[in-house]
Amino acid sequence: MTDTRNADLTFGASDYLVHMAALNTASPAAFADPAAPWLCLGWVTTDGGTFSIEDETTDIQAAGSLEPIRTLNSRSTKTMQITFQEAINPLIRALYDNVPVASLEPTAGAVTYDLPDKPSDLRYAFVFDTIDGDKKVRLYMPNGKVTARGEEQPQTTDVWGVQLTMTFYKGASAPAVRRSIDYGGVDVSGFFPVGP
């Protein structure tokens, strides 16, 4: 068996960028920097984002069997939890407060707006770029919305962090999540041996 261990395949993020655009906006080409209509959501904590996949199954029981006779895959929920550091960034405020971004456009440098009594179903497309030197990982989600919010705590000893959890759904013409990896020139051919 060939030893394919390679320290160059470890990944330590040196930068973490989050962009959003209108629902079902197409992903930026290759690993190009997202341009208009994509908007950057600003600084995030050094923890970056926590992406998780939670699969749910249902076991089918039947008389005459102590074991399930079948298991159905009933759901696969994909989420990202992130703490943003720009608490008054209009995009972050709109996501946290569940209001349209246009609600935060200031007049004479200030804005006042109402938080909805009933949650709005505001959805956007998201791109999460993680960078380690020449290596890059991109997650593209065409249809996502904020489904959980951390507690707000403005303070005097640190910046006001805004924690958001986003859930992703299938887009109009793309899956809920698409992952792209740029190996940064690292040779991974040993993982794909030529068959007989």
Side-chain angles (χ1 to χ4, degrees), residues 13-52 77-116 119-132 134-154 158-182:
S14 60
D15 205 354
Y16 194 88
L17 300 162
V18 184
H19 291 81
M20 71 181 247
L23 175 68
N24 289 311
T25 298
S27 176
F31 281 93
D33 288 336
W38 292 96
L39 299 169
C40 183
L41 295 179
W43 293 105
V44 301
T45 60
T46 56
D47 294 336
T50 302
F51 178 67
S52 67
T77 304
K78 295 159 182 73
T79 61
M80 179 74 77
Q81 184 179 66
I82 251 177
T83 302
F84 294 93
Q85 293 181 305
E86 296 180 23
I88 59 172
N89 176 321
L91 302 174
I92 299 303
R93 287 278 30 111
L95 291 170
Y96 189 92
D97 294 337
N98 200 22
V99 296
V101 176
S103 302
L104 282 104
E105 186 171 356
T107 303
V111 66
T112 300
Y113 58 95
D114 297 328
L115 276 60
S120 301
D121 188 23
L122 299 176
R123 295 177 185 234
Y124 303 94
F126 293 93
V127 168
F128 299 85
D129 281 340
T130 310
I131 301 162
D132 178 9
D134 291 334
K135 298 175 285 190
K136 299 175 184 111
V137 175
R138 171 171 282 172
L139 294 174
Y140 162 68
M141 291 85 157
N143 179 3
K145 70 177 185 174
V146 173
T147 53
R149 295 158 176 85
E151 296 177 356
E152 289 194 320
Q153 185 181 4
D158 199 357
V159 297
W160 172 6
V162 179
Q163 187 180 73
L164 300 173
T165 300
M166 302 159 189
T167 301
F168 306 103
Y169 309 91
K170 185 177 180 194
S173 61
V177 178
R178 177 175 293 141
R179 184 187 303 268
S180 301
I181 300 173
D182 180 344

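Here, residue 1 is the first one in the sequence, and each next residue gets the next number. Quick caveat: nothing in here was measured; it's all calculated off a predicted structure.
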> Which heavy-atom pair separates Tyr16 from Ile82 by the least distance, and what is that distance?
Replying inline: CE2-CD1, 3.4 Å
> Within a strict 4.5 Å, meaning less than it, do heavy atoms of the Pro34 and Leu17 side chains meet?
Replying inline: no
> Quick one: does Tyr140's side chain have a donor or acceptor within less than 3.5 Å of a partner on Pro28's backbone?
Replying inline: no
> Crowded around Asp134 CG? As in, over 12 foreign heavy atoms under 6.0 Å?
Replying inline: no
> Atom CZ in Phe84, atom CG in Leu95: separation rounded to 0.5 Å?
Replying inline: 7.0 Å
> With side chains defined as the heavy atoms from C-beta onward, is the minimum distance between Val18 and Met80 less than 4.5 Å?
Replying inline: no
> Taking the inter-plane angle between the rings of Phe126 and Phe168 on a 0 to 90° scale, is it parallel (under 30°), tilted (30 to 60°) or perpendicular (over 60°)?
Replying inline: perpendicular
> Can you tell me how far CG of Asn143 sits from OG1 of Thr25, rounded to the nearest 0.5 angstrom?
Replying inline: 11.0 Å
> Do you know the tightest heavy-atom contact between Gln153 and Trp160?
Replying inline: N-NE1, 3.9 Å
> Going from NZ on Lys170 to CG on Asn24, what distance comes out if it is rounded to the nearest 0.5 angstrom?
Replying inline: 11.0 Å
>> So, applying side-chain contact (heavy atoms from CB on, under 4.5 Å) with Leu122, which one of Val101, Asn98, Val146 is it?
In response: Asn98
>> Name the residue from Asp97, Thr165, Leu164 that meets the side-chain contact (heavy atoms from CB on, under 4.5 Å) definition with Arg149.
In response: Leu164
> Which value, rounded to the nearest 0.5 Å, describes the distance between Tyr113 atom OH and Ser103 atom OG?
Replying inline: 8.5 Å
> Looking only at atom types and distance, does a side-chain atom of Glu86 sit under 3.5 Å from a main-chain N or O of Trp43, one as donor and one as acceptor?
Replying inline: yes
>> Give me the atom names and distance for the closest heavy-atom approach of Thr147 to Tyr169.
In response: CG2-OH, 3.9 Å
>> Quick check against the 3.5 Å criterion: does Arg179 have a side-chain atom that pairs as donor or acceptor with the backbone of Arg138?
In response: no
> Got a sec: does the CD1 of Ile88 have more than 12 other heavy atoms crowding it under 6.0 Å?
Replying inline: no
> Which pair of heavy atoms, one from Phe51 and one from Met141, lies closest together, and at what distance?
Replying inline: CE1-CE, 4.0 Å
>> Restricting to non-hydrogen atoms, name the atom on Val99 and the atom on Leu104 that form the minimum distance, rounded to 0.1 Å.
In response: CG2-CD1, 3.7 Å
> If you take all heavy atoms of Ala21 and Pro37, which pair is closest and at what distance?
Replying inline: CB-O, 4.0 Å
>> Any side-chain to backbone donor/acceptor pair from Thr83 onto Gln163? Under 3.5 Å, distance only.
In response: no
> For the atom pair OH (Tyr124) and CE (Met166), what is the distance rounded to the nearest 0.5 Å?
Replying inline: 10.5 Å
>> How long is the straight-line distance from CG of Asp158 back to CD of Gln85, given to the nearest 0.5 Å?
In response: 7.5 Å
> More than 12 foreign heavy atoms under 6.0 Å from CG of Asp33: is that the case here?
Replying inline: no
